[in-house]
Trainee: 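Supplied in structure tokens, the structure appears directly below.
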Amino acid sequence: MPFPPRPTSGHGTVTRFAPSPTGDLHLGHAYSALFAAAEAARAGGTMLLRVEDIDVTRCRPEFEARNLEVLRWLGLTWPEPVRRQSEHLDDYQAALDRLKEMGLLYRCFLSRRELNEALSAPHGAPEVAPKDTDLLLPEKERLKREEEGAPFALRLRMARAMERAGALTWHDRARGKQDARPQIFGDVVLARRDIPTSYHLSVTVDDALQGVTLVTRGEDLFDSTHIHRLLQALLGLPVPDYHHHGLLRDDAGKRLAKRYQSAALRDLRADGHSAEDVRRMADPDLTVE
Ligand code: GLU
């Protein structure tokens, strides 16, 4: 399959809200969704909704249904059909094939436990970000696992990838120009042992295919953008603008939000709060048409 395929949507500013159906949405999610919608509305653009459900071990269809329902109740709208990542594994595979052709991926047969043990072993200096993890497994053992068809993750050869991409920057609307520092992730996993993709790969491919021009998300995901920027460069994808917003819990001024921050939106609704109340709790400054 040619990569990248042409984007399927996108005129003007396109933002997205991309929840994972691993549980009920709470006020922090409402803030993030309202933020994405407000940024799109301000520019006369569109907010897309994307279901990030690649983690089959944690995602549940009933959470997806509940999440979309409560977002609609909040007053949010988005074009249908929504993109569900689990239905687009081919797109992620095409990206992996491309990176493989460039010689930038390797198979890592180590389990998480083995990796932790190897990295904290007295002779292998502990590292925050793993590097060359294939070297941690004796060659004989690696070949044996390969022959047995043991499961493996696909990791990016970070040093080679960065050399190939050269120096990169990206722009965050809150913090300005950023130098991309993907090396903080080491040889990052792009396809997991149990799932043929990863958060970083899927999100980068999807944002490009969906024509997203402004990625808004919480600042807890700020560092991920270093990797996403590198993947864009390697895969020839367009580079959106970014706005990593503060997290609700950081803002001591929002007393209501503080009180309810761990409450699920559907519980607030069941307790009799109106959609407008909840929108105000999530962010009193935001208005969504
Ligand atoms: N699916 C991610 C989450 O629920 C959000 C990913 C993103 O916005 O890039 O935290």
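Being a predicted model, the structure only gives us computed values, none of them experimental. Whatever order the structure lists ligands and atoms in, that order sets their numbers, starting from 1.
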Trainee: So L231 and L237, do their side chains get closer than 4.5 Å, heavy atoms only?
Mentor: no
Trainee: In this structure, is the centre-to-centre distance between the rings of H228 and Y199 below 6.0 Å?
Mentor: yes
Trainee: Taking side chain as C-beta onward, heavy atoms only, is D24 less than 4.5 Å from F63?
Mentor: yes
Trainee: Can you find a heavy atom in the side chain of R98 that is under 4.5 Å from one in the side chain of L235?
Mentor: yes
Trainee: Using atom types as modelled and distance alone, determine if a side-chain donor or acceptor of H244 lies under 3.5 Å from a backbone N or O of E219.
Mentor: no
Trainee: Just to be sure I understand the cut-off, which residues have at least one non-hydrogen atom under 4.0 angstrom from an atom of ligand 1?
Mentor: R16, A18, P19, S20, E52, Y199, V203, R217, L221
Trainee: Extract all donor-acceptor atom pairs below 3.5 Å that involve side chains of residues 141-148 and protein atoms in other chains or at least two apart in sequence.
Mentor:
{"from": "E141", "atom 1": "OE2", "to": "R145", "atom 2": "NE", "distance (Å)": "2.7"}
{"from": "E141", "atom 1": "OE2", "to": "R145", "atom 2": "NH2", "distance (Å)": "3.2"}
{"from": "R142", "atom 1": "NH1", "to": "E146", "atom 2": "OE1", "distance (Å)": "3.2"}
{"from": "R142", "atom 1": "NH2", "to": "E139", "atom 2": "OE1", "distance (Å)": "3.1"}
{"from": "R142", "atom 1": "NH2", "to": "E139", "atom 2": "OE2", "distance (Å)": "3.4"}
{"from": "R145", "atom 1": "NH1", "to": "F109", "atom 2": "O", "distance (Å)": "3.1"}
{"from": "R145", "atom 1": "NH1", "to": "E114", "atom 2": "OE1", "distance (Å)": "2.9"}
{"from": "R145", "atom 1": "NH1", "to": "E114", "atom 2": "OE2", "distance (Å)": "3.3"}
{"from": "R145", "atom 1": "NH2", "to": "E114", "atom 2": "OE2", "distance (Å)": "2.6"}

